[in-house]
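Just so you know, these numbers come straight off a predicted model, no measurement behind them.
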Amino acid sequence: MIRIEPRQATSHCLKYGVPVVSAIVALALAAIPLALAGANIATAYREMFSGVFGSVFAFSEMLTRATPLIFTGLAAAIAFRARLWNIGAEGQLYLGAMAAVAVGTGFLDVPGFILLPLIIICGAAAGAAGMAVPTFLRTRFGADEVVTTLLLNFIILIFLQMMLEGPIKDPMGLGWPQSPPILDQGMLPPLIDRMRVHSGLVLAIVAAIIAQFLLVRSVWGFRLRAVGENASAARHAGIGVNRLLFSVAIVSGALAGLAGVGEVAGLKGYLTADLSPGFGYTGIVVAMLAGLSPAGVVVSALFIASVFVGADSMSRAMGVSSYLADLVVSMSLLCVLVGGFFARFRIVRTRAAAGGA
Amino acid sequence: MASEKVLSLNGLSKRFGSIVANKDVNLSLHRGEVLALLGENGAGKTTLMNMLFGHYLPDEGSVEVADEGGTLQPLPLGQPQAAIAAGVGMVHQHFTLAENLNALDNIVLGSEDLRAFRRNRAAARGKISDIMKRSGLTAPLDVPVGRLSVGERQRVEILKALYRDVRILVLDEPTAVLTPQEADTLFENIGAMARDGLSVIFISHKLREVLAFSHRIAVLRHGVNVGEIATADADERTIARMMVGADTERAERSAMEPGAPVLSLRDIRVPGRSERDTLDIPELEVRSHEIVGIAGVSGNGQAALAGVISGTVQPQSGTIAIGGDAVRECSPTTMIHLGVGRIPEDRHHDGIVGSMSVAENMVIERLDDQEVQKNGLLRREAIARNAERLAEAYDVRGPGIQAPARLLSGGNIQKLILARVFEEAPKLILANQPTRGLDMGAAAEVARRLLDARSRGAGIILISEDLDEVLGLADRILVIHDGKLGAAHARDRETIGLMMAGEMA
């Protein structure tokens, strides 16, 4: 007979091993659709690998892709640790991008050392506002933030499309629904010459380090963990749960907004309605894969970005659909969830009791 | 009463980790007998019955149940199906009914093939109405169970057991949720069924119903049989002594002159879900050097009273003063700052954050303290030093101060909470069910700490369903019933028991 029982304590080996094994299993499982698509599996994996590590350019492309994922991954990780289910990073990303465009495209013609921080602050503030509203609705009226943040994503996207057809449409854009470009001095400087990877990556990594530090070492992080793990005991101990959730919402939304700032002011230069191929949603996978640890988010964002970039390049080389990347990312989430189960429970074989069942 | 034995538990033992729930327990039951199984919380009554019913596998011992011919047969252990097949039925304290199905479906569910049931619905209904007629237990069969009253649901549970042709029926605290009238009717029905040949074991800690409705009483204490007595020979005092034990070390309470008031409540009203748990206190005062015990049946407004003093419940009206300071905004933070130490009723749910470390849980109520933080950053060395010191002083044992608090045993979790509370030298202590589920050692420790705090000058509110605890510790006893407090005019079980049942004089 097999019985499932909770583990007393999760060892470090298990804690760090589960995500790594999940990622490897997900990659291995990708062989099945690859084989079904008729590709040579060994070649496909080689192409995927060289698509990320084959050249400085390939590697820099991966870092470029990882940048917004670190931000949205942090947004999800911080919120989820407090059991605030922010599914709205996608919308907050666009709010951040809109704010960046609003102040960065000529509304203010000031030097870069003023404009750039201003763009960053406004983008973060817009994202924060985007999460503050559903959090207010939850703490005040008990509205489930899973629903409100998710639905806000679509509202914000439609609002963006409306703006791109109207007030922020680029008059020089040949009729395309896109914003005017961010002023040159407002752009996040590139990290390597002639490559797309920009200083938003540095910002993202610094944000992850700060978040990790605050979570473990600060009183705010203490309160956040307490509220997330046992809100009732936290409340009993005098921790203002609603106030804490608000501060978490601000931080989480701001991080998602920064993802939008990075994409607009670091990469594209102007805003379109297809700025993000679902970075907000992928951020949730990144956070889960990282076990909701801010430091882990950096690693898992690099992994997920590698999968995307590698699969893209592989699909170009071998004529296999690039949707494979989405498949691997989804499978790694499933593997993490299954792996998380084994980290929390163990399977025990028991002797059948005398007489048989 | 027939002397034919229908059940024999032989030397059953069960341990959970380091806790011995049952040790070498023997129990027998005769045909047509109603046996009351008595004992304090945590005495091992429910564990014993769960072993009989196959929910737990005993570490040692055996169970024999009479077959239809009346000869005792060994029962395969750890298998509920075997117990059901042998004619043992159990009604749990918490109902196990599907609320969206009607009573008929609930009763038949699990005992018959579903397809056959479709054909035999009429037959099932016939059998049930027959059982209802014989037992006197009635319940509407065609109404979804979710719409039935608690008493009706319980009858459905019992009918469900009877439908399976049980010869032995186990009832775990059947009257905990019933009104006194419902309880009396239930026991009259049980008596009728026993005369019909059913053998019944019921778990209770209400002495009155045990004395009124059982034939024989078996008492468990700390997982061991401490005695059996024919109900005819028993009275409240003898049973109470058996339950609590002559060897109980009662903490010594010396006489003390109460000092200045540390808590005064005036005209406090907290609306509940029903009239029964609506708190309405015109006046309550607790003074220093004084333990005020609040006795009462669970669900009579204790939660609201504890909530008001803890700061988690905002009263609708009224005033609160702690040590002379009027409380303007009722919140846990305010109460902590005013010097209220709170020992919550549900220590796992409200007392600790299980996944955080023992050290972190020890400072969770004083995160603004300069010893704990500096400029918003935790002072981890100081937090660890504090934890080492408190673990030593309050004898908190476990896998270490950096281990998650949930790994501690119940008694050690309570000691952690005591350390956190008492270390702040509170003016007022709210102890809500402070010894529930604790072993004797830990319970005695809690009592000793409370008395120490009283000597130091704290005022203490002790809310407890354990009347012995209240009698042993409290300087003044109040009884809570339907959200109203009444002073006990005499310190004896009977007077207080009557008041707990609502007979306020």
Side-chain angles (χ1 to χ4, degrees), chain A residues 1 3 5-12 14-15 80-83 209-244 247 251 291-293 340 343-345 348 350-357, chain B residues 17 54 57-58 62 74-82 306-307 310-312 331-337 340 342-357 360-361 363-369 372-380 383 399 403-407 417 420:
Chain A
M1 208 159 43
R3 204 154 43 90
E5 62 178 41
R7 286 177 195 273
Q8 280 284 297
T10 302
S11 69
H12 282 285
L14 216 55
K15 195 172 141 197
F80 287 12
R81 278 296 276 271
R83 299 263 158 108
I209 294 170
I210 295 176
Q212 178 72 31
F213 179 79
L214 288 181
L215 197 59
V216 179
R217 301 291 293 271
S218 76
V219 175
W220 179 74
F222 185 115
R223 294 195 167 114
L224 188 158
R225 285 180 285 136
V227 167
E229 301 289 351
N230 184 347
S232 172
R235 188 168 123 77
H236 189 268
I239 294 172
V241 174
N242 286 348
R243 207 172 136 188
L244 185 275
S247 68
V251 171
L292 304 187
S293 135
R344 269 177 295 128
F345 298 92
V348 187
T350 49
R351 288 174 296 112
Chain B
L57 188 64
S62 65
L75 180 75
L77 297 172
Q79 297 169 26
Q81 295 91 336
S310 302
T312 55
S331 77
T333 321
T334 319
M335 292 305 182
I336 293 166
H337 284 316
V340 182
R342 295 112 10 98
I343 302 171
E345 173 179 14
D346 186 338
R347 45 186 163 270
H348 291 94
H349 190 255
D350 297 323
I352 60 159
V353 179
S355 60
M356 291 174 77
S357 72
E360 286 178 314
N361 274 287
V363 296
I364 194 169
E365 290 192 348
R366 51 191 193 102
L367 289 175
D368 292 327
D369 197 322
V372 177
Q373 65 141 307
K374 197 176 171 189
N375 303 325
L377 294 182
L378 298 167
R379 298 179 59 185
R380 299 208 291 184
I383 291 172
R406 75 184 141 83
L407 296 183
I417 295 169
R420 186 170 80 197

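Ranked by heavy-atom pairs under 4.5 Å with chain A, the first of Gly376(B), Gly354(B), Ala403(B), Pro399(B) is Gly376(B). Heavy-atom pairs under 4.5 Å with chain A were tallied for Met335(B), Glu365(B), Met356(B); the largest tally goes to Met356(B). When Asn375(B), Val372(B), Leu367(B), Thr334(B) are compared by the number of non-hydrogen pairs under 4.5 Å with chain A, Leu367(B) comes out ahead.
Using a 4.5 Å cut-off between heavy atoms, Arg342(B) touches chain A through backbone and side chain atoms alike. Proximity to chain A (any heavy atom under 4.5 Å) is shown, for His337(B), by neither the backbone nor the side chain. Contact annotation for Ile336(B): only side-chain heavy atoms (C-beta onward) come within less than 4.5 Å of a heavy atom of chain A. Only the side chain of Ser310(B) comes within less than 4.5 Å of a heavy atom of chain A; its backbone N, CA, C and O stay farther away.
Among all heavy-atom pairs drawn from Pro344(B) and Gly351(B), the shortest one is CG-CA, 3.7 Å. The shortest non-hydrogen separation linking Ala233(A) to Asn230(A) is N-OD1, 3.0 Å.
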Item to complete: Please assess Val216(A) against Arg380(B) for the test side chain to side chain contact (heavy atoms under 4.5 Å, CB included), listing each intermediate value before the final yes or no.
Response: CA-CA 10 Å; Val216(A) 179; Arg380(B) 299 208 291 184; 3.6 Å; yes
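For the side-chain contact (heavy atoms from CB on, under 4.5 Å) test, residues two or more places apart in sequence or in another chain that qualify with Ala306(B) are Leu430(B), Asn432(B), Ile463(B).
Evaluation of the salt bridge (charged side-chain N to carboxylate O under 4.0 Å, His left out) test over residues 219-242 of chain A, restricted to residues two or more places apart or in two chains, returns Arg223(A)-Asp368(B), Arg225(A)-Glu360(B).
The closest donor-acceptor contact from the side chain of Thr333(B) to the backbone of Gly238(A) lies under 3.5 Å.
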